Amino acid sequence: MTSSYLTSARALALGSLLLAAASCSVSEQVKDKPTGKNVSAEALENEAYTLMQYRLNFVDEAKLGGQDILFVRQAADIASLQQEQLQAALKKGNLPLHLKMRVYAKNPSTTSVQLKQLDYKVLLDGKELTTGTTGLNTQLEASAIETLPITVDMNVKPAQLAGSTPAAFAAGFTDFTAANRRLTVQIRPMYVGASGRQVPASNFEPVQLVTVKKAVSAK
């Protein structure tokens, strides 16, 4: 009787230990799995980074040598006298170019993230025109859109005209509707997490226009 009782007790104890071990194993698995209530803040931030959307708006301001070139589509759109003034400014080495654009940063996720900075490259005819940084320490709220300004102020040098005239240089400069758009922008966002970790993108990527439509999958 006593032997049978001890055997049953040992079996029960062993079963309890196995059940506890199995429970611990499952608990550890749930703990390590980045889903549900146990998902880490870092995992949520990483997901938000991959979902971020950036779009380039049309040029708001464009001036060459102080002259408005926003709607210049061909050299002939600039009057002869103004062309002469631009040419004279180029020879004097004082042909300022001023541009103002906007990049819209949309955070469609449910997690707010911190943009440390947005590095950009402005290219003309595929060649780098200038570089810069915008959006310093900008909070990108969940399900919200932030406007990041891009302002270019530089002096155009003869080498950048490649033997052309300032009027030809300005032609179609801001025309984003053309099939062969001359002005393009590349961006590289850098984020900083709540823990202070910095998450830079590896490469500059072209930023699409706000008018680009999402592809509709065939049903």
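Here the structure is a predicted model, which is why all the values come from computation and not from measurement.
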[atom1] of [X] to [atom2] of [Y]: how many Å apart, nearest 0.5 Å?
X: Q160; Y: L90; atom1: CD; atom2: CG; result: 10.0 Å
X: R102; Y: L56; atom1: CZ; atom2: CG; result: 10.0 Å
X: Q85; Y: Q67; atom1: CD; atom2: CD; result: 5.5 Å
X: I187; Y: K121; atom1: CD1; atom2: NZ; result: 12.5 Å
X: Q117; Y: Q198; atom1: CD; atom2: CD; result: 8.0 Å
X: M190; Y: T133; atom1: CE; atom2: OG1; result: 9.0 Å

Close side-chain approach of [X] to [Y], heavy-atom, < 4.5 Å:
X: M154; Y: L129; value: yes
X: P166; Y: V156; value: no
X: V185; Y: I150; value: yes
X: Y49; Y: V199; value: yes
X: H98; Y: T151; value: yes
X: Y191; Y: M52; value: yes
X: K100; Y: V59; value: no
X: Y120; Y: L148; value: no

Taking [Y]'s backbone N and O only, do any of them form a donor-acceptor pair with [X]'s side chain (distance below 3.5 Å, no angle check)?
X: E205; Y: R188; value: no
X: E45; Y: A194; value: yes
X: R182; Y: A171; value: yes
X: Q83; Y: I78; value: yes
X: N57; Y: Y104; value: no
X: T174; Y: L70; value: yes
X: E84; Y: L81; value: no
X: N107; Y: L140; value: yes
X: N94; Y: A89; value: no

Tell me which one of T134, D60, V103 satisfies side-chain contact (heavy atoms from CB on, under 4.5 Å) with P149.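 Single side-chain contact (heavy atoms from CB on, under 4.5 Å) partner of P149 among T134, D60, V103: T134.
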For [X] and [Y], work out which heavy atoms get closest and say how close.
X: A75; Y: A168; result: CB-N, 4.1 Å
X: L86; Y: G65; result: CD2-CA, 4.0 Å
X: S109; Y: L51; result: CB-CD1, 3.9 Å
X: A170; Y: L64; result: CB-CD2, 4.0 Å

I'd like to know whether D175 forms a salt bridge (Lys or Arg N to Asp or Glu O under 4.0 Å) with R73, so could you lay out the CA-CA distance, the side-chain angles of the two residues, the decisive distance to 0.1 Å, and finally the verdict. CA-CA 7 Å; D175 186 6; R73 296 296 179 261; 3.6 Å; yes
Do the side-chain N and O atoms of E146 and T138 include a donor-acceptor pair separated by under 3.5 angstrom?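 No donor-acceptor contact under 3.5 Å links the two side chains.
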Is there a continuous path of hydrophobic side-chain contacts, each under 4.5 Å between heavy atoms, that joins [X] to [Y]?
X: L115; Y: F204; answer: no
X: V152; Y: L161; answer: yes
X: F71; Y: M101; answer: yes
X: L97; Y: L124; answer: yes

Is the shortest distance from a Lys or Arg side-chain nitrogen in E42 or R197 to a carboxylate oxygen in the other one below 4.0 Å?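 Yes, E42 and R197 are salt-bridged.
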Kindly indicate whether a cation-pi arrangement holds for R181 with F176, taking the cut-offs as under 6.0 Å to the six-membered ring centre and within 45° of the axis.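 Judged by the rule (NZ or CZ under 6.0 Å from the ring centre, within 45° of its axis), R181 counts as positioned above F176.
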Taking it one step at a time, do F173 and L99 satisfy side-chain contact (heavy atoms from CB on, under 4.5 Å)? CA-CA 10 Å; F173 199 102; L99 300 173; 3.7 Å; yes
Please lay out, stage by stage, how Q114 and N137 fare under the test side-chain contact (heavy atoms from CB on, under 4.5 Å). CA-CA 7 Å; Q114 181 80 13; N137 301 316; 3.8 Å; yes
Check the pair K106, R55 against side-chain contact (heavy atoms from CB on, under 4.5 Å), reporting the backbone distance first and the verdict last. CA-CA 8 Å; K106 180 180 180 181; R55 293 290 183 269; over 6 Å; no
